[in-house]
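Proteins come first, then strands; the chains are lettered A, B, ... in the order of their sequence lines, and each starts at number 1.
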Protein chains: 2
Amino acid sequence: MTSIPLRLARTVTSDYAGAMEKTGQPTINDVARVAGVSKKTVSRVINRSPLLNEDTRRRVEEVIGDLGYIPNPQARALALGRNFLIGLVHDNPNAQTVMNVQQGMLEALYDTEFEMIVRPLNRGSPTMLEDLRHFLERQRLFGVLLMPPISENDAIAELCVEIGCRYVRMGSTELDTDEHMVASNDREAVRDATRYLIELGHRRIGLVSGPHGFRSARERRLGFEDALRDAGIALPRSMIADGDYRFESGLVAADRLLDLVPRPTAIFSCNDEMAAGVIHAACQRGLTVPRDLSVIGFDDTPIAAHMWPPLTTVRWPIATMARSAALKLIAGVSSQETEAAVAEPSLFRSTLIRRASVSAPAAE
Amino acid sequence: MTSIPLRLARTVTSDYAGAMEKTGQPTINDVARVAGVSKKTVSRVINRSPLLNEDTRRRVEEVIGDLGYIPNPQARALALGRNFLIGLVHDNPNAQTVMNVQQGMLEALYDTEFEMIVRPLNRGSPTMLEDLRHFLERQRLFGVLLMPPISENDAIAELCVEIGCRYVRMGSTELDTDEHMVASNDREAVRDATRYLIELGHRRIGLVSGPHGFRSARERRLGFEDALRDAGIALPRSMIADGDYRFESGLVAADRLLDLVPRPTAIFSCNDEMAAGVIHAACQRGLTVPRDLSVIGFDDTPIAAHMWPPLTTVRWPIATMARSAALKLIAGVSSQETEAAVAEPSLFRSTLIRRASVSAPAAE
DNA sequence: TGTGTATTGGAAACCGGTGTCAGTGACAAG
DNA sequence: CTTGTCACTGACACCGGTTTCCAATACACA
C-alpha cells in the first residue's frame with residue numbers, strides 16, 4: 001500500500017517538473033501539489049508542528065526528499081521576523097583562538113538551519129558600540145556569540161537585550177546568568193600552574209601580565225598572586241611586567257624581568273604568544289630553556305606544542321566552550337536542540353599541560 | 001526655503017512615530033509616508049537609481065536619516081532572489097591563513113551591504129560537493145570566495161556557474177580567468193628562495209614537500225627543482241621528504257632527511273608549520289639552527305617571526321589577495337565598487353623574508 | 001444520532017522590499 | 001493648440017514563505 005502513493009508521487013513529480021524549472025528550485029507550492037496537501041501542511045511539517053498526523057508528515061517528508069525541496073531561508077526570515085544567522089562578534093587579536101571558536105560554533109550549527117556570520121569589532125574605536133548596534137539591527141540576527149575580551153563589556157549585553165537579540169558571552173569568569181554565558185576557571189588554573197612551579201622549587205617567579213581592562217588578564221594575575229600568597233612568597237612589583245597579549249610585549253617584558261638581579265628562575269606568561277616572546281628573549285641572551293629559565297604560558301595554541309622547547313601551558317577548552325555557547329543560543333528551536341541545551345554546562349575547567357619548558361631551578 | 005520642508009518632515013516624523021513603534025524599526029512605508037512619496041521612490045533612493053529627481057532624493061535621504069531607517073536585508077534578499085552574503089568556503093588546515101583571508105575579505109566588505117558567512121568543508125568527505133551545493137542553493141549567496149586547496153577543484157567552480165553564484169578562486173597559480181581568480185607566484189618565489197640558499201654555498205638541500213594533490217605543493221616543489229636544475233645541482237629522490245603541511249609531518253620528514261649521510265646543510269619546507277617541525281627535530285638532535293642547518297619556510301605566519309631562531313620564509317600577501325578577491329566578487333554592485341574592481345590585480349608577488357634561520361653552511 | 005477531538009484545508013493578509021508598466025507634468029516641436 | 005518626448009513617479013503584482021480564522025472532514029465515543 002505504501003509504495004503506491006510513493007510511486008504516484010514520483011510520477012506527479014515529473015508532471016510538475018515544468019513548473020519547477022522556472023527557478024530551478026521547487027517551492028513550497030510544488031511540494032504541496034505533489035504531496036496532495038495544502039502548503040499550510042507543508043509549512044507545518046517544516047516547522048515540526050506537533051498537531052500533525054504522522055502519516056501525513058512522512059508523506060510530505062518523502063516528497064520533500066524526492067523534489068530536493070529546500071525552504072527559502074530569506075522568505076522564512078522575512079515571514080518570521082528573524083533569520084537563521086548566528087553572529088560571532090569578536091575583537092580578539094589571537095587568530096588561533098578565533099578559529100577555535102569558529103570551529104566549535106560550526107560544530108554546534110552543523111546540520112541545523114543556522115549559519116555563522118563573523119563580525120570583527122575594532123576595540124578602542126569610539127563608534128564600536130554604534131557599529132555593533134547597526135549590525136545587529138540591520139541583520140536581525142537570531143543570536144550572537146560574544147568572544148572575550150569584548151564579551152566582558154556589559155553595555156554590549158544590554159544592547160543585545162534592548163534589540164531583542166539572543167546572546168551568549170564567553171569569558172574567563174562568570175559574567176552573566178547561566179543562560180547567557182560560558183566560562184572557564186582561569187584563576188584556579190593559573191594558581192595550579194604557579195603552584196607547580198613552586199613545588200619544583202622555584203621561588204623567584206616573574207609574571208608577564210595581560211593588558212589592563214581584560215578580565216582574563218585580571219583573573220590570571222589573581223591566580224598567580226593566590227599561589228604565591230598561599231606559599232608565603234613575597235611578590236615584589238618588579239617581578240610583574242606588563243604585557244598586552246602580543247608577542248612583542250612578551251619580548252619586552254622578559255627583557256625587563258631577565259635584567260633583574262638575581263634573575264627569576266621561572267616566568268609565567270598570561271598567554272602563549274607572549275610566552276614565545278619570553279623564550280625568544282631568553283634565547284637571544286644565550287639562556288637555555290628550561291635549564292636557566294622555566295616558562296609557562298596560557299592557551300595551548302598550536303605554537304605552544306610546536307616551539308622549541310615545547311611549552312608548558314594551560315589548556316582552555318575553547319572550542320568546546322564555543323560549541324556549548326552556540327547550543328545555548330539555538331536552544332529551544334526544536335525539541336532535540338532543547339534537550340541538548342539542557343545538558344550544556346556553563347563552567348569549564350582549564351588544565352595544565354606539562355611539556356619541556358619547565359624544570360626544577362638549577363642549584364645555586 | 002530649504003529649511004521649511006526640512007522642518008515639516010521632522011514634524012511629520014513625530015506624528016508618525018506611533019506607527020513605527022510596533023516593531024521598533026521603521027519600514028520603507030514609514031519613510032514613504034513621512035517623505036510624502038511612494039515606497040517605490042524610497043526604494044529607488046536606496047538602490048541609487050539614476051532616474052530620480054535630485055530634490056526628491058535629498059528629501060527622502062533626509063527622512064531616512066531622521067527615522068534611522070535601515071532596509072531589511074531579508075526582504076531585499078527575497079525580492080531580489082539573492083542576498084547580500086559573501087561566503088568563505090575553505091578546507092584549509094592552517095588557522096592563521098584562514099584568519100588572514102577573513103581579515104582581507106572583511107576589509108573589502110567593510111562599509112558595504114555585504115556580510116561574510118563562513119563555511120568550512122571537509123576535504124575528503126565523499127559528500128563534500130553535495131554539501132556545498134546544498135549550502136549554495138539554500139543560502140542563495142551573492143558570491144563565494146574559494147580558498148586553496150579547495151579552490152583548485154574545477155568541479156566546484158562548475159557548480160558555482162551552474163547555480164549562478166559568483167565565485168573567485170584563490171590559488172598559487174592561475175586557475176581561471178582574471179575575473180574568477182587571484183593568484184600568487186609560488187613557483188618563482190620558491191625558486192628565488194632556493195637560489196638564495198645556493199648562493200650562500202649550500203649544495204645539499206633537502207625539501208619537505210606539501211601533500212599530494214595540492215596545487216600549491218606542486219608549484220612549490222617545481223620552484224625548488226627549477227633552482228637546483230638551474231644551478232646544475234643533482235636532486236636525489238632521498239633529498240625529498242613528503243609532508244602534509246602539518247607540524248608533525250615536518251618533524252618526521254626532517255628526521256628522515258637528517259639521518260642522511262652526508263647530512264643536508266639546508267632544508268626548504270613547503271610551509272612554516274612544517275618548518276617549525278624541522279627546527280624542532282633539529283633541536284631534538286642537538287643541532288643548532290642555522291649553524292648546523294639552515295631552514296626556510298613558506299607563508300610567513302606569525303609563528304615564523306616568533307620562533308627561535310626567527311624563520312626565513314616566503315611571505316604570501318594573503319590578506320591582500322583575499323581583499324582583492326572579495327572586491328572582484330562584489331564588483332558592479334555600485335559604480336564605486338566597479339571602479340575599484342577594475343583596478344584589482346589578479347596576480348600577486350610573494351617575497352622572501354630573510355631572518356636568522358639561514359646562514360652559509362659550515363666549512364667542511 | 002449527537003458530541004467531542006484531532007487533523008487538515010482554504011482564503012486572505014502579511015512580512016518588507018523590488019519589478020513592471022502605466023501615468024503625470026513640463027516643455028519643445030509641429 | 002495639439003502632439004510627442006522626456007524625466008520622473010506611483011499603483012499593483014510578486015518574491016516564498018507564515019499566520020489567522022474558520023470551516024470541513026474523519027473518527028471515536030457516548
Inset, instruction - In whole angstrom, give the distance that lies between atom CG of A/Asn29 and atom P of C/dG10. - result: 12 Å
Inset, instruction - Measure the distance from CZ on B/Arg82 to C1' on C/dT18 and round it to the nearest whole Å. - result: 11 Å
Inset, instruction - Looking at every strand, decide which applies to B/Val42 at a 4.0 Å heavy-atom threshold: base, sugar-phosphate, or nothing. - result: nothing
Inset, instruction - For B/Lys39 and D/dC12, give me the distance from atom NZ to atom C1', rounded to whole Å. - result: 10 Å
Legend entry - Distance below 4.0 Å between A/Thr27 side-chain N/O and D/dG16 OP1 or OP2: no
Legend entry - Distance test, side-chain N/O of B/Asn72 to OP1/OP2 of C/dC15, below 4.0 Å: no
Legend entry - Spacing of B/Asn47 atom CG relative to C/dT20 atom P, expressed in whole Å: 13 Å
Legend entry - Below 4.0 Å: OP1/OP2 of D/dG16 and any side-chain N or O of A/Tyr69: no
Inset, instruction - Using only heavy-atom distances, decide whether a donor-acceptor pair under 3.5 angstrom links the side-chain of B/Arg44 to the base of D/dG10. - result: yes
Inset, instruction - Could you check whether B/Leu78 gets within reach of a base, just the sugar-phosphate, or nothing at all, counting any heavy atom under 4.0 Å? - result: base
Inset, instruction - Round to the nearest Å and state the distance from B/Asn53 atom CG to C/dA26 atom P. - result: 13 Å
Inset, instruction - Specify the closest pair of heavy atoms between A/Ala108 and A/Ile330, including all atoms of both residues, with the distance to one decimal. - result: O-CD1, 4.2 Å
Legend entry - Presence of B/Arg76 side-chain N/O under 4.0 Å of C/dT18 phosphate oxygens OP1/OP2: yes
Legend entry - Separation between CE of A/Met321 and OG of A/Ser346, rounded to the nearest 0.5 Å: 9.5 Å
Inset, instruction - Answer yes or no: is there a donor N or O on one side and an acceptor on the other, between the side chain of B/Asn72 and the main chain of B/Ala75, under 3.5 Å? - result: yes
Inset, instruction - Report the distance from atom CZ of B/Phe84 to atom P of C/dG16, rounded to the nearest whole Å. - result: 17 Å
Inset, instruction - Among the candidates C/dT18, D/dT9, D/dT18, find the nucleotide nearest to the side-chain atoms of A/Leu80. - result: D/dT18
Legend entry - Axial cation check for B/Phe135 ring with B/Arg119, 6.0 Å and 45° limits: yes
Inset, instruction - Please report, rounded to the nearest Å, how far the P atom of D/dA11 is from the CD1 atom of B/Ile28. - result: 14 Å
Legend entry - Shortest side-chain distance from A/Ser38, nucleotide among C/dG10, D/dT18, C/dT18: C/dG10
Inset, instruction - Report the nucleotide, chosen from D/dT9, D/dT18, D/dG16, that has the shortest atom-to-atom distance to any side-chain atom of B/Thr41. - result: D/dT9
Legend entry - Residue whose closest nucleotide on DNA chain D lies nearer the 5' end, B/Thr56 versus A/Ser43: B/Thr56
Inset, instruction - Among C/dT7, C/dT18, D/dG16, find the nucleotide with the atom closest to the side chain of A/Ala75. - result: D/dG16
Inset, instruction - For side chain to side chain donor-acceptor pair (under 3.5 Å), just list the numbers for A/Arg140 and B/Gln25, CA-CA rounded to whole Å, side-chain angles, deciding distance to a tenth of an Å, and then say yes or no. - result: CA-CA 11 Å; A/Arg140 290 170 174 79; B/Gln25 284 196 33; 2.9 Å; yes
Inset, instruction - Please report, rounded to the nearest Å, how far the P atom of D/dC21 is from the NZ atom of A/Lys40. - result: 12 Å
